[in-house]
Every structure is written in C-alpha cells, then in structure tokens.
Protein chains: 2
Amino acid sequence: MSKITKLNLTRLKMESFGDYIRRLRVEKGLNQTELAAKIGLDSGGLSKVENGKKELKENKLLLLAKALKIDVADIKKQYLSEKFAEDCFKYKCPEAVFQLAEEKAKYYKSVNIKQSKLKF
Amino acid sequence: MSKITKLNLTRLKMESFGDYIRRLRVEKGLNQTELAAKIGLDSGGLSKVENGKKELKENKLLLLAKALKIDVADIKKQYLSEKFAEDCFKYKCPEAVFQLAEEKAKYYKSVNIKQSKLKF
DNA sequence: ATTTAACTTGGTAATTTTTGACAAATATAA
DNA sequence: TTATATTTGTCAAAAATTACCAAGTTAAAT
C-alpha cells in the first residue's frame, strides 16, 4: 500500500455498519423508535446496532433492507464485512485471509455443495 | 473470471480446513486419538473438525498449531477463511464483501480501536 | 470370516452466547 | 422546563456451542 493510501486510512473515518444504518435512517426521516418497530426491535436494540454493540440476525437484516428500501445484497455486504473484519482483528489474523476466503467462497458456489457436509 | 479459471475451480478440489488438518496430522504420523489428546479433545471431536462438522475455538487452534508444528498465522488464516466463505455462501452475499472486509480490517488496525466500542 | 484399530456419527447434558424487553440515565431540542 | 430521542445496563429466555460418551461403520491384516 502506498503511503498516501495508508495515511488516508488512518485519517478518514471508515463508515461502520452502524453508521451506515443510522445514515440511511436519518435520510428517511425516521427515528430509532420508528425504524426499530419495523424490524421487531425496541429503540434500545436499534441504538446498540447503530453503535456497534451488536444484536441482529439475518431476518432482521432483511426487514431492515425493506424498511430502508435498500438493496439486500448491499446490506449483507455491509453487515458481513464488518463481522469479518472484527474477527480478523480479534484473532490477529493476517489480512491475506480475505483473498483465500474469496477463493473458497467462489469454490463453494461453483460446486453444488452438499448441505449435509457443510451443515448449513 | 476466465473460463479456464472457472473450469479449474470446478474440477480441482479445494483443500478445506479439515483436509488441511488431516493432511498435516497424517504427515506427522498421528492418529486422531493421539492428536485429539494434545488439544484437549476426544477422537470424535477431531473427526468432526476434519470433516467440517465444526467444533473448535481459538485456544484449540493454538494448541493445534503447536501440536502440528505449524505457523499460528497460517492456521488462523485457514480457519477463518473457511468460516468467512461459509458465511458468505450461507447469506448469499456478494463476494465483494471480502474486499470491503479487508479495507475495514486494515482500518481497524490503523486506528487504535477502542475495545469498549467494538466490544472485543 | 474374524479380529483389531481407526474413524464417523448421533445423542445429550452442560456451558456459553445471543437475544429481546424493560427501565433508568443521558442527551437534545423546542 | 418539558418533551422527545437516544444510550446504556440488567435480566431472563432462547439459541448455539461444546465436550463427552457410546454405538456404528470402515478398512486392513491375517
């Protein structure tokens, strides 16, 4: 990575998943209570989501996409990338993990993976 | 992706985390019972790991690296990449997630992330 | 075919983690 | 202030993970 890029990374705030949700919610003129209701959560729960204190499973993700009228693939990307990055950080894992993960994901998609084998 | 690459992906078996562990175990001339004992597992547990039926947390990962005399970073990479790929597949998430995840991971590393904020 | 060792699989109980709901505390705005 | 919005902590229920055990299968050898 170039020095410029590295500097930018250290200075520019990266939008977290919570920031992303909050931004879209505010753009839509909703408060936490209103949006939370649409996804079966109370305002406290949504607050925690927006502040990265977690909570949220896939069905909520889909409801959120619908409520905010955003692309499901996009919100999944935002959500999972955050989870992955946190895991990588937590485990102190080299970032090369992501390249390998992408290869594996493509491989899973290319073969018709047996659900039993992978238990999902 | 080129047709050649795609063909290769569909034909070549990609080594899973379980395959990786099994290969190293066999290379060292250990059976499941022996290796399992070194990481505080029974043979059934190790069998499940090798067959992708999961089990395994970080401390076992470190023990495994030690028992198999392999680089800790390497085993973490193998382990996490598999988890990430499975999640991506399960969520039907676009593979662009990995590029974003890598950016986020680099960002987390570049700022001195507050543990409280991210709760890890 | 029988024996033996290695491996796989399923069940289950114990533990840990995640979740949603509530309430209190804090902040923001009118 | 008063009202509204957000944050935070706690708690119990629900879900997921884990270790452990035992039964079942496979494979190799003789």
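We use all heavy atoms of the structure for the numbers below, so side chains are in, but hydrogens, waters and symmetry mates are not. Model, not experiment: these values are computed from the prediction. Just so we're on the same page: letters track the sequence lines, and every chain starts at 1.
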Over all atoms of both residues, closest heavy-atom pair of A:Ser81 and B:Lys104: OG-CE, 3.7 Å

Which heavy atom of B:Tyr79 sits nearest a heavy atom of B:Leu56, and at what distance?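 Nearest heavy atoms, B:Tyr79 then B:Leu56: OH-O, 2.8 Å.
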
Give A:Leu41 one of three labels, base, sugar-phosphate or nothing, depending on what nucleic acid heavy atoms sit under 4.0 Å from its own.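 Sugar-phosphate, backbone atoms only, no base.
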
CD of B:Glu95 to NZ of A:Lys106: how many Å apart, nearest 0.5 Å?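 Between B:Glu95 CD and A:Lys106 NZ, I get 5.5 Å after rounding to 0.5 Å.
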
d([atom1], [X]; [atom2], [N]) in whole Å:
{"X": "A:Leu46", "N": "C:dA21", "atom1": "CG", "atom2": "P", "result": "13 Å"}
{"X": "B:Gln32", "N": "D:dC20", "atom1": "CD", "atom2": "C1'", "result": "16 Å"}
{"X": "B:Leu35", "N": "C:dT8", "atom1": "CG", "atom2": "P", "result": "13 Å"}
{"X": "B:Asn51", "N": "C:dT9", "atom1": "CG", "atom2": "C1'", "result": "10 Å"}
{"X": "B:Lys83", "N": "D:dA16", "atom1": "NZ", "atom2": "P", "result": "15 Å"}
{"X": "B:Lys60", "N": "D:dA19", "atom1": "NZ", "atom2": "C1'", "result": "8 Å"}
{"X": "A:Glu58", "N": "C:dT19", "atom1": "CD", "atom2": "P", "result": "12 Å"}
{"X": "A:Asp19", "N": "D:dT6", "atom1": "CG", "atom2": "C1'", "result": "15 Å"}

What nucleotide, of C:dT8, D:dT7, D:dA5, holds the atom closest to the side chain of A:Asn31? D:dA5

Nucleotide nearest B:Arg25 when distance is taken to its side chain, options C:dC7, D:dC20, D:dT8: C:dC7

With a sphere of 6.0 Å drawn around NZ of B:Lys28, does it hold more than 12 non-hydrogen atoms of other residues, nucleotides or ligands? yes

CD/A:Gln99: more than 12 non-hydrogen atoms of other groups inside 6.0 Å: no

Going hydrophobic residue to hydrophobic residue with side-chain gaps under 4.5 angstrom, can you get from A:Phe17 over to B:Leu100?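 Looking at the clustering, B:Leu100 is in a separate group from A:Phe17.
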
Nearest-nucleotide 5' precedence on DNA chain D, B:Lys57 against B:Asp42: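 Going by which nucleotide is closer to the 5' end, it is B:Lys57.
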
If you group Ile, Leu, Val, Met, Phe, Trp and Tyr whenever their side-chain heavy atoms sit less than 4.5 Å apart, what else falls in with B:Leu62? B:Val72

Under 3.5 Å, which protein N or O atoms sit close to an N or O of nucleotides 28-30 of chain D? Give each pair with its distance.
none

Taking the basic N atoms (NZ, or NE/NH1/NH2) and the acidic carboxylate oxygens, is any pair closer than 4.0 Å for B:Arg22 and B:Asp19? no

Pair A:Lys38 + A:Glu34, salt bridge at N-O below 4.0 Å: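 No, A:Lys38 and A:Glu34 are not salt-bridged.
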
Closer to the 5' end of DNA chain C via nearest nucleotide, is it B:Gly44 or A:Leu56? B:Gly44

N or O in side chain of [X] less than 4.0 angstrom from [N] OP1/OP2:
{"X": "A:Arg22", "N": "D:dT7", "answer": "yes"}
{"X": "B:Ser47", "N": "C:dT8", "answer": "yes"}
{"X": "A:Lys48", "N": "D:dG9", "answer": "no"}

Rounded to 10 degrees, the angle between the two terminal axes of the helix from C:dA1-D:dT30 to C:dA30-D:dT1, each from five pairs: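 The angle, to the nearest 10 degrees, is 40°.
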
I'd like to know if the side chain of A:Asp74 pairs up with that of A:Tyr20 as donor and acceptor (distance under 3.5 Å, no hydrogens or angles considered). yes

